[in-house]
Structure formats: C-alpha cells, structure tokens
*Asks:* 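Sharing a structure here in structure tokens format.
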Amino acid sequence: MGGREATMVLLDENGIRCDGRKVDETRKITIKAGVLKNADGSAYIEFGDNKILVGIFGPRDVHPKHMSDTDTGILRVRYHMEPFSVTERKNPAPSRREIEISKVIKEALEPAVMLEKFPRTAVDVFIEILQADGGTRCAALSAASVALADAGIPMRDLVAACASGKVADTIVLDVNNEEDQAGQADMPIGYMPNLKKITLLQLDGILTPEEYKKCVEVGVNGCKIVYELQKKALTDKYFGNGSD
Ligand code: UDP
C-alpha cells in the first residue's frame with residue numbers, strides 16, 4: 001500500500017467521508033433512458049465518476065437454436081469494461097471478474113423480467129463500462145433495468161441497486177473506489193422496491209450480525225433513492241421533461 005492510501009482519512013471527526021459526503025449520502029446520480037437509436041432499448045447512468053452505457057436487443061430468435069427454451073425467454077448479459085475505463089489499461093478480453101459480474105447482474109434482473117411471455121427468444125443486455133470508480137455492478141444493474149423497460153419488455157418491477165459498506169468502523173451508504181479498497185466491507189444490493197424483494201446481495205469483508213442488518217437496511221434505503229431516479233428517467237423520456 002502506498003503512502004497516500006496509508007494516510008488517507010476515510011471518515012473525519014465531523015463524520016465526513018473522503019469525498020465530502022455524509023455517511024448516508026449517495027454520490028451524484030443521473031440516469032437517462034433511450035440514448036441509442038439502433039438498440040431496442042438503452043440507458044446511460046452517471047453514478048459519481050462511474051459512466052455506463054447499456055443497450056438491449058430483443059426479444060429475438062436465439063442462435064444457436066439449441067440454447068433456446070420452449071417454455072420461456074432467456075436473458076443474456078454481457079458486462080464489459082472498456083480498456084480506458086480504469087487507470088491501468090484493462091485488457092479488452094473478458095476477465096473472470098467480468099464473467100462473474102455478468103452472471104450476477106443476469107441473476108439479479110431475472111426475477112424482474114417477464115421472460116415467460118416470450119418463449120424461445122433471448123433478450124440481450126450489453127453493458128459497457130466507460131469509466132469505473134467503484135460500484136459499477138450496482139450502477140450497471142440499475143441502468144440495465146431502465147434499458148429493459150425502455151425496450152418495452154414487461155417487468156414486474158425495476159431493480160434498483162446501491163452498495164453499503166463499513167468504513168472506519170462505521171456503516172456507510174454507496175462505497176466509492178477508495179473506500180472499497182481501504183474500507184472494511186462492501187455490500188452491493190439489488191432491490192425491487194415495489195415488490196420489496198432483494199435480487200442481489202454480495203458481501204466482501206467481515207461484519208457482525210448487527211452490522212450486517214444495518215448494512216442491508218442502509219443499502220436498501222440507497223436502492224429506494226436510485227428507484228426514484230430510474231422512474232424519473234423513464235417518465236422524462238416517455239412523458240417529456242420540458243427540455244426535449
Ligand atoms: N477496477 C480496476 N480495474 C479492474 C477492475 C476494477 O481499477 O480491472 C476498479 C474499478 O474502479 C471498480 C473497482 O475497482 O469499480 C471495484 O471493483 P469491484 O470488483 O469491487 O466491482 P464494482 O465495485 O465496480 O462493482
């Protein structure tokens with residue numbers, strides 16, 4: 001660990017974090033639906049310094065055909081980091097981490113999407129991480145939900161996602177990259193606020209049972225904040241926000 005990280009103050013005596021936020025504050029979030037003309041649905045999210053674009057194709061025929069399911073549609077998710085999205089050039093070939101995150105996002109979206117309405121078809125979700133700064137899986141999952149809704153795919157609810165974590169012995173909302181690396185725990189959560197169901201919960205770090213409960217509670221509250229912005233992105237596109 002370099003000297004800068006070793007001396008970085010994660011939480012000061014006034015309860016202010018390294019990027020100036022309070023413990024229960026998210027980074028600045030903006031979401032836009034329908035940003036690509038050639039995809040069936042799309043969304044763009046800025047979540048702090050994360051910048052992520054999602055494009056959807058489908059429902060459409062599955063190739064190769066033997067991958068299709070006669071009873072339901074299938075969801076395919078590709079989470080991909082651009083080589084320029086991180087400070088050390090990322091190898092464009094899919095890494096184990098990208099394969100894992102693709103699977104995690106797919107499984108977090110599946111309970112929300114009514115795939116049973118489209119047997120034998122596939123819905124493809126292409127996620128491009130243009131700039132990463134900690135929390136890309138949550139930001140990508142939130143944007144993917146909006147993009148699926150923008151594609152007109154019937155959904156039970158939107159999946160909103162946000163991480164909580166433990167930094168300087170304190171439970172905080174929306175862990176940034178520095179906090180992820182120097183903090184004590186990181187808990188990404190995906191949540192369907194209307195159905196009150198968690199579809200993603202991971203934990204990197206060690207928490208007591210009380211801290212665990214608090215982390216879930218704080219993370220779910222973060223998801224509710226994201227949910228309002230997801231709905232706003234969709235209403236802005238379909239009912240106009242006065243600026244388009
Ligand atoms: N990261 C990086 N290089 C990589 C992968 C990740 O610099 O090859 C950074 C990036 O900022 C990412 C952060 O590490 O957001 C945390 O990664 P993690 O695997 O915890 O996933 P995330 O928090 O983005 O969902």
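Both counts, for ligands and for their atoms, begin at 1 and track the order of listing.
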*Asks:* Please report which non-hydrogen protein atom sits nearest to atom 8 (O) of ligand 1, along with the residue it belongs to and the distance in Å to one decimal place.
*Replies:* Lys90 CD, 4.2 Å
*Asks:* Considering non-hydrogen atoms of the protein only, which is the closest contact for atom 9 (C) of ligand 1, and what is the distance?
*Replies:* Asn177 OD1, 4.0 Å
*Asks:* Among protein heavy atoms, which sits nearest to atom 10 (C) of ligand 1, and what does the distance come to when rounded to 0.1 Å?
*Replies:* Ala132 CB, 3.7 Å
*Asks:* Keeping Ser142 on the side-chain end and Ala161 on the backbone end, is there a donor-acceptor pair under 3.5 Å?
*Replies:* yes
*Asks:* How does Val86 reach ligand 1, if at all, at less than 4.0 Å between non-hydrogen atoms: by side chain, backbone, both, or neither?
*Replies:* side chain
*Asks:* What do you reckon, is CZ of Arg120 surrounded by more than 12 foreign heavy atoms closer than 6.0 Å?
*Replies:* no
*Asks:* Quick one: list whatever passes side-chain hydrogen bond (donor to acceptor under 3.5 Å, both in side chains) with Asp19, sequence neighbours left out.
*Replies:* Arg21, Asn176
*Asks:* Tell me: protein heavy atom nearest atom 12 (C) of ligand 1, and distance?
*Replies:* Gly134 N, 3.7 Å
*Asks:* By the side-chain hydrogen bond (donor to acceptor under 3.5 Å, both in side chains) test, which pairs, at least two apart or in different chains, include something from residues 82-91?
*Replies:* Lys90-Glu98
*Asks:* How close does the nearest protein non-hydrogen atom get to atom 23 (O) of ligand 1, and which residue and atom is it?
*Replies:* Gly135 N, 2.8 Å
*Asks:* Starting from atom 16 (C) of ligand 1, find the nearest protein heavy-atom neighbour and note its residue, name and distance.
*Replies:* Asp180 OD2, 3.3 Å
*Asks:* N/O of Gln181 under 3.5 Å from N/O of ligand 1, yes or no?
*Replies:* no
*Asks:* Just one of Asp40, Asp124, Thr121 clears the side chain to side chain donor-acceptor pair (under 3.5 Å) bar with Arg60, so which one?
*Replies:* Asp124
*Asks:* If you measure from each non-hydrogen atom of Arg97 to ligand 1, which part falls under 4.0 Å: side chain, backbone, both or neither?
*Replies:* side chain
*Asks:* May I ask you to check if ligand 1 and Thr136 share an N or O to N or O distance below 3.5 Å?
*Replies:* yes
*Asks:* Would you say Tyr212 has more than 12 foreign heavy atoms packed within less than 6.0 Å of its OH?
*Replies:* no
*Asks:* Taking all heavy atoms of Glu179 and all of Cys18, pick out the closest pair and write down the distance.
*Replies:* CG-SG, 4.1 Å
*Asks:* Between Asp133 and ligand 1, which residue portion shows a heavy-atom distance shorter than 4.0 Å: side chain, backbone, both, or neither?
*Replies:* backbone
